Amino acid sequence: QVQLVESGGGLAQAGGSLRLSCAASGRTFASYAMGWFRQAPGKEREFVAAISWRGSVKYYADSVKGRFTISRDNAKNTVYLQMNSPKAEDKAGYYCNSGTCGATHSSSDYWGQGTQVTVSS
């Protein structure tokens, strides 16, 4: 079993920045790819970004490419999502996922509770 705890959400100004964190415990963090997904009200959950277990391969949704950066620190069992130049359409609940398949943008069953991001113009 794995436990995932997201943090860092809040109010971001359009054009500013925000960094989300996801702390993992319960299984060998460094053995699994990690991902971020988001869900806006009334919409389905969608893929945002994923990173391989070693951090050498990264995948991004087209909507965030060039603005968001995913990274991980295996010594701290933590994955990050740096959100630069957020837009109003980035407003959503952001969820961490352990075991994400970046190539297919598909998730595993291991989710955190989510952290809310709001963007002000």
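What's counted below: heavy atoms across the whole structure, side chains too, no hydrogens, waters or symmetry copies. The model shown is predicted, which means the values in this text are computed figures rather than measured ones.
The nearest pair of heavy atoms linking A40 to A92 is N-CB, 3.9 Å. When all heavy atoms of S17 and P86 are compared, the closest pair comes out as N-CD, 4.2 Å. Nearest heavy atoms, A50 versus G102: CB-CA, 3.7 Å.
Ion pairing of D90 with K87 is absent here, as no side-chain N (NZ or NE/NH1/NH2) approaches a carboxylate O to less than 4.0 Å.
The CD atom of Q82 sits 8.0 Å away from the CG atom of L18 when rounded to the nearest 0.5 Å. How far CE of M34 is from CG of N77: 9.5 Å, rounded to the nearest 0.5 Å. The CG atom of L81 lies 8.0 Å from the OG1 atom of T69; values are rounded to the nearest 0.5 Å. Note that CD1 of I51 is 6.0 Å distant from OG of S71, once rounded to the nearest 0.5 Å. Here the CD-SG distance, from Q3 to C22, works out to 11.0 Å after rounding to the nearest 0.5 Å. Put simply, OG on S25 and CD on Q1 are 10.0 Å apart, with the number rounded to the nearest 0.5 Å.
For E89, the CD atom is densely surrounded, since the number of other residues' heavy atoms within 6.0 Å is greater than 12. Around CD of Q13, the count of heavy atoms belonging to other residues, nucleotides or ligands within 6.0 Å does not exceed 12. Open room surrounds NZ on K43; 12 or fewer heavy atoms of other groups in view lie less than 6.0 Å from it. Around atom NZ of K91, no more than 12 heavy atoms belonging to other residues, nucleotides or ligands sit under 6.0 Å away.
The cluster map of Ile, Leu, Val, Met, Phe, Trp and Tyr, joined by side-chain heavy atoms under 4.5 Å apart, puts V79 and Y110 in the same cluster. Under a hydrophobic-cluster definition in which Ile, Leu, Val, Met, Phe, Trp and Tyr are linked whenever side-chain heavy atoms come within less than 4.5 Å, directly or via other members, V2 and F29 are assigned to the same cluster. Using a 4.5 Å cut-off between side-chain heavy atoms of Ile, Leu, Val, Met, Phe, Trp and Tyr, with links allowed through other members, V117 and V48 fall into the same hydrophobic cluster.
Residues C96 and W111 are not in side-chain contact: their nearest non-hydrogen atoms beyond the backbone lie 4.5 Å or more apart. Between S98 and L4, the closest side-chain pair of non-hydrogen atoms falls below 4.5 Å. Side-chain atoms of W36 and L20, non-hydrogen and from C-beta on, do get closer than 4.5 Å to each other. With contacts defined as side-chain heavy-atom distances shorter than 4.5 Å, the pair S21/Y80 qualifies. Side-chain contact between T100 and Y32 is absent, with no heavy atoms from C-beta onward closer than 4.5 Å.
The side-chain tip of R67 does not point at the ring of Y60 from less than 6.0 angstrom away and within 45° of straight on.
Not a single donor-acceptor pair under 3.5 Å links the side chain of K58 to the backbone N or O of A49.
Remark: aromatic rings of Y95 and F37 are distant, center separation not under 6.0 Å.
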> Is there a side chain to side chain contact (heavy atoms under 4.5 Å, CB included) between Q113 and E6 once you walk through the steps?
Replying inline: CA-CA 7 Å; Q113 84 290 348; E6 300 94 336; 2.9 Å; yes
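At a cut-off of 3.5 Å, with distance as the only test, no side-chain donor of R72 or S52 sits close to an acceptor on the other residue. For the 3.5 Å distance criterion, the side chains of R38 and Y94 qualify, holding a donor opposite an acceptor.
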